[in-house]
Engineer: 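Please read through the structure below; I'll follow up with questions.
In this chain, residues are counted from 1 in sequence order. Atoms considered below: every heavy atom in the structure, side chains included; atoms not considered: hydrogens, waters and symmetry mates.
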Amino acid sequence: MGKNNSLIHVAFIMDGNGRWAKKRGLPRHMGHKAGCDRVTDIYEECLAQDIKVMSLYAFSTENWNRPKDEINHLFRYLEIFFKKEISRMIKDGAQIRVSGDITKLPLKTQKVVNEAVEQTKDGKNFIFNICLNYGGKAELVRAMKLFAKDVQDGKMNIDDINELNFENYLYTKGLPPVDLLVRTSGEQRTSNYMPWQLAYAEFAFPMTPWPDFTKEEFRNVIDEYYHRDRRFGEIKDE
């Protein structure tokens with residue numbers, strides 16, 4: 001195992017759903033359906049590996065530019081996923097959290113998501129953080145506005161801000177930083193995902209599209225992670 005290689009928080013960019021569907025002659029939304037089904041397998045493997053937090057880039061602020069029909073199907077599959085998995089998540093002691101502004105989502109989707117959050121709020125064993133209508137730049141701007149409001153209201157002074165308490169204004173307040181980012185389908189960029197939280201994360205870019213990303217391949221990624229040397233800015237031992 002490499003130095004400092006605990007694995008607590010894994011973030012996923014679930015890329016390749018549309019291309020997976022197109023390759024099979026299917027409409028793009030069927031790729032998202034297959035992608036939702038894959039989430040369950042990777043969730044189970046996170047539990048098996050004693051990972052404590054998984055974050056999923058489910059819908060970005062830029063995804064609104066996609067065809068309306070595809071967006072509607074994506075939200076429908078999201079609703080089905082939560083209704084299907086909520087009982088087992090409660091049993092597992094998982095807590096569902098949401099990062100992003102879900103007020104822009106369809107009312108039915110908001111209701112399903114908010115109910116899932118409420119039903120799992122006492123979960124202590126695992127955090128399932130789903131990023132919906134999320135953008136990293138938007139999150140940072142929101143955090144700065146919230147801090148400015150606290151200064152304006154006399155709750156904080158401008159000199160009080162530092163890296164530690166700034167995190168209290170992020171959607172991910174209270175969560176550990178990301179240790180490992182996994183983006184499937186071979187694209188090698190973060191696409192406005194968690195710029196603050198990824199500061200010292202290790203990155204993995206498997207070529208496999210998300211619907212085909214198996215537990216076994218995830219285990220291979222984890223094994224590679226454990227052989228890396230995370231230094232966090234320190235000088236490597238000679």
Engineer: Among the clusters formed by ILVMFWY side chains lying less than 4.5 Å apart, do F75 and F128 turn up in the same one?
Structural biologist: yes
Engineer: Looking only at side chains, do Q95 and T120 share a donor and an acceptor under 3.5 Å apart?
Structural biologist: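 No.
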Engineer: Salt bridge check, R142 against E139: does any charged N sit closer than 4.0 Å to a carboxylate O?
Structural biologist: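 So E139 does not pair with R142 through a salt bridge.
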Engineer: Could you list the residues that satisfy salt bridge (charged side-chain N to carboxylate O under 4.0 Å, His left out) with E118, not counting sequence neighbours?
Structural biologist: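 Counting only residues at least two positions away or on another chain, E118 forms a salt bridge (charged side-chain N to carboxylate O under 4.0 Å, His left out) with K121.
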Engineer: So, the side chain of T190 versus the backbone of Y193: is there a donor-acceptor pair under 3.5 Å, distance only?
Structural biologist: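 No.
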Engineer: With sequence neighbours excluded, what pairs up with D41 under the salt bridge (charged side-chain N to carboxylate O under 4.0 Å, His left out) test?
Structural biologist: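 For D41, the residues satisfying salt bridge (charged side-chain N to carboxylate O under 4.0 Å, His left out) (neighbours in sequence not counted) are R38.
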Engineer: So, do E70 and L74 sit near enough that their side-chain heavy atoms are less than 4.5 Å apart?
Structural biologist: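 No, their side chains stay 4.5 Å or more apart.
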Engineer: Could you state whether I42 and V53 fall into the same hydrophobic cluster, counting links through intermediate Ile, Leu, Val, Met, Phe, Trp or Tyr residues with side-chain heavy atoms under 4.5 angstrom apart?
Structural biologist: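 No.
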Engineer: Under the side chain to side chain contact (heavy atoms under 4.5 Å, CB included) rule, what do V151 and F147 come out as? Steps first, then yes or no, please.
Structural biologist: CA-CA 6 Å; V151 172; F147 174 70; 3.6 Å; yes
Engineer: Identify the heavy atoms of H9 and P176 that sit nearest to each other, and give their distance.
Structural biologist: ND1-O, 2.8 Å
Engineer: Once ring-ring contact (aromatic ring centres under 6.0 Å, His included) is applied, do any residues pair with W210, and if so which ones, sequence neighbours excluded?
Structural biologist: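 Per chain and number, W210 pairs via ring-ring contact (aromatic ring centres under 6.0 Å, His included) with F12, F213.
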Engineer: Determine whether F203 and Q188 satisfy the following criterion, side chain to side chain contact (heavy atoms under 4.5 Å, CB included), listing intermediate values before the conclusion.
Structural biologist: CA-CA 9 Å; F203 291 3; Q188 298 188 14; over 6 Å; no
Engineer: In Å, rounded to the nearest 0.5 Å, how long is the span from CD of E85 to OG1 of T40?
Structural biologist: 3.5 Å
Engineer: One thing to verify: whether K83 and E115 come together as a salt bridge, which I'm taking to mean a side-chain N less than 4.0 angstrom from a carboxylate O.
Structural biologist: no
Engineer: Spell out, yes or no, whether I127 and V117 are grouped together once hydrophobic residues are joined by side-chain heavy atoms under 4.5 Å, including indirect joins.
Structural biologist: no
Engineer: Which heavy atom of G136 sits nearest a heavy atom of P195, and at what distance?
Structural biologist: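 Closest heavy-atom pair between G136 and P195: CA-CD, 3.4 Å.
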Engineer: Would you call E216-R219 a salt bridge at under 4.0 Å N-O?
Structural biologist: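 The answer is no: the pair does not qualify as a salt bridge.
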Engineer: Closer than 3.5 angstrom, by distance alone: can the side chain of T184 be matched with the main-chain N or O of P206 as a donor-acceptor pair?
Structural biologist: no
Engineer: If two hydrophobic side chains count as joined below 4.5 Å and joins carry through other members, does V178 share a cluster with L170?
Structural biologist: no
Engineer: Checking R183 against S191: is there a side-chain donor and acceptor pair closer than 3.5 Å?
Structural biologist: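 On atom types as modelled, these side chains qualify, holding a pair under 3.5 Å.
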Engineer: Evaluate the criterion side chain to side chain contact (heavy atoms under 4.5 Å, CB included) for residue pair M14 and Y57; output intermediate values, then yes/no.
Structural biologist: CA-CA 7 Å; M14 303 175 289; Y57 205 6; 5.6 Å; no
Engineer: With rounding to the nearest 0.5 angstrom, report the CD1 to NZ distance, I222 to K215.
Structural biologist: 11.5 Å
Engineer: Please examine the side chains of N162 and N165, heavy atoms only from C-beta on, and report whether any two atoms are closer than 4.5 Å.
Structural biologist: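 The answer is yes, as the side chains (C-beta and beyond) meet within the 4.5 Å cut-off.
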Engineer: When you check the gap from the basic side-chain N to the acidic O, do D122 and K124 get nearer than 4.0 Å?
Structural biologist: no
Engineer: Looking only at heavy atoms, what is the nearest atom pair of N63 and A58, with distance?
Structural biologist: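 Looking at all heavy atoms of both residues, the closest pair is OD1-O, 4.5 Å.
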Engineer: Do the side chain of Y134 and the main chain of M194 share a donor and acceptor less than 3.5 angstrom apart?
Structural biologist: yes
Engineer: Consider only side-chain heavy atoms of I, L, V, M, F, W and Y, link residues closer than 4.5 Å, and tell whether Y226 and F218 are in one cluster.
Structural biologist: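 In one cluster: yes.
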Engineer: How long is the span from the CG atom in L105 to the CG atom in N114, to the nearest 0.5 Å?
Structural biologist: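 Rounded to the nearest 0.5 Å, the CG-CG separation comes out at 10.0 Å.
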Engineer: Do the non-hydrogen side-chain atoms of K149 and K155 ever get within less than 4.5 Å of each other?
Structural biologist: no
Engineer: To the closest 0.5 Å, what do you measure between NE2 (H32) and CZ (R76)?
Structural biologist: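 Between H32 NE2 and R76 CZ, I get 16.0 Å after rounding to 0.5 Å.
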Engineer: Please check if the number of heavy atoms outside E62 that lie under 6.0 Å from its CD is greater than 12.
Structural biologist: yes
Engineer: For residues E45 and Q49, is any side-chain donor paired with an opposing acceptor at under 3.5 Å?
Structural biologist: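 The answer is yes; a qualifying pair exists.
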Engineer: Is the shortest heavy-atom distance from the side chain of L181 to the side chain of E202 under 4.5 Å?
Structural biologist: no
Engineer: For the pair N157 (side chain) and D159 (backbone), establish whether a donor and an acceptor sit closer than 3.5 Å, ignoring hydrogens and angles.
Structural biologist: no
Engineer: Side-chain contact, heavy-atom cut-off 4.5 Å: L180 with V221?
Structural biologist: yes
Engineer: Just by distance, no angles: are the side chains of D179 and Y200 close enough, under 3.5 Å, to form a donor-acceptor pair?
Structural biologist: no
Engineer: Is the shortest heavy-atom distance from the side chain of C46 to the side chain of M54 under 4.5 Å?
Structural biologist: yes
Engineer: Working to the nearest 0.5 Å, report the span between OH of Y169 and CE of M144.
Structural biologist: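 Going from OH on Y169 over to CE on M144, the span is 13.0 Å.
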Engineer: Going by side chain to side chain contact (heavy atoms under 4.5 Å, CB included), name the residues that satisfy it together with K68, two or more places apart in sequence or in a different chain.
Structural biologist: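 Side chain to side chain contact (heavy atoms under 4.5 Å, CB included) check on K68 returns N72.
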Engineer: Taking the side chain as every heavy atom from C-beta outward, state whether T172 and E167 have any atom pair closer than 4.5 Å.
Structural biologist: no
Engineer: Check this for me: does any side-chain nitrogen of one of R24 and D212 sit under 4.0 Å from a carboxylate oxygen of the other?
Structural biologist: yes
Engineer: Minimum heavy-atom separation for G186 and M207, please, with both atom names.
Structural biologist: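 Distance-wise, the nearest heavy atoms are CA-SD, 3.6 Å.
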Engineer: Identify the heavy atoms of V113 and I102 that sit nearest to each other, and give their distance.
Structural biologist: CG1-CD1, 4.2 Å
Engineer: Any luck finding a side-chain donor-acceptor pair between T61 and N133 under 3.5 Å?
Structural biologist: no
Engineer: Apply side chain to side chain contact (heavy atoms under 4.5 Å, CB included) to the pair I51 and I8, showing each step before the final yes or no.
Structural biologist: CA-CA 5 Å; I51 294 165; I8 299 171; over 6 Å; no
Engineer: Checking N129 against S55: is there a side-chain donor and acceptor pair closer than 3.5 Å?
Structural biologist: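 Note: S55 and N129 side chains meet the donor-acceptor criterion.
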Engineer: Looking at every heavy atom in both G31 and P211, which two are closest together, and how far apart are they?
Structural biologist: O-CG, 3.9 Å
Engineer: Suppose we screen for ring-ring contact (aromatic ring centres under 6.0 Å, His included). Which residues come up paired with Y43, at least two apart in sequence or across chains?
Structural biologist: F126
Engineer: My understanding is that only residues two or more places apart in sequence, or in another chain, count here; which of them pass side chain to side chain donor-acceptor pair (under 3.5 Å) with K108?
Structural biologist: none
Engineer: What is the ring orientation for W64 with F59, classed by angle as parallel under 30°, tilted 30 to 60°, or perpendicular over 60°?
Structural biologist: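 Ring orientation, 0 to 90° scale: perpendicular.
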Engineer: Can you tell me if N125 uses its side chain to pair, donor with acceptor, with the backbone of D92 under 3.5 Å?
Structural biologist: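 Yes, N125 side chain to D92 backbone: donor-acceptor pair under 3.5 Å.
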Engineer: Is there a side-chain contact between F82 and L78 (heavy atoms, below 4.5 Å)?
Structural biologist: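 In contact.
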Engineer: Rounded to the nearest 0.5 Å, how far apart are CG of N17 and NZ of K22?
Structural biologist: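 Here the rounded value is 15.0 Å.
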Engineer: Applying salt bridge (Lys or Arg N to Asp or Glu O under 4.0 Å) to E44 and R88, what does each step give before you reach the verdict?
Structural biologist: CA-CA 11 Å; E44 290 174 351; R88 68 93 55 83; 3.1 Å; yes
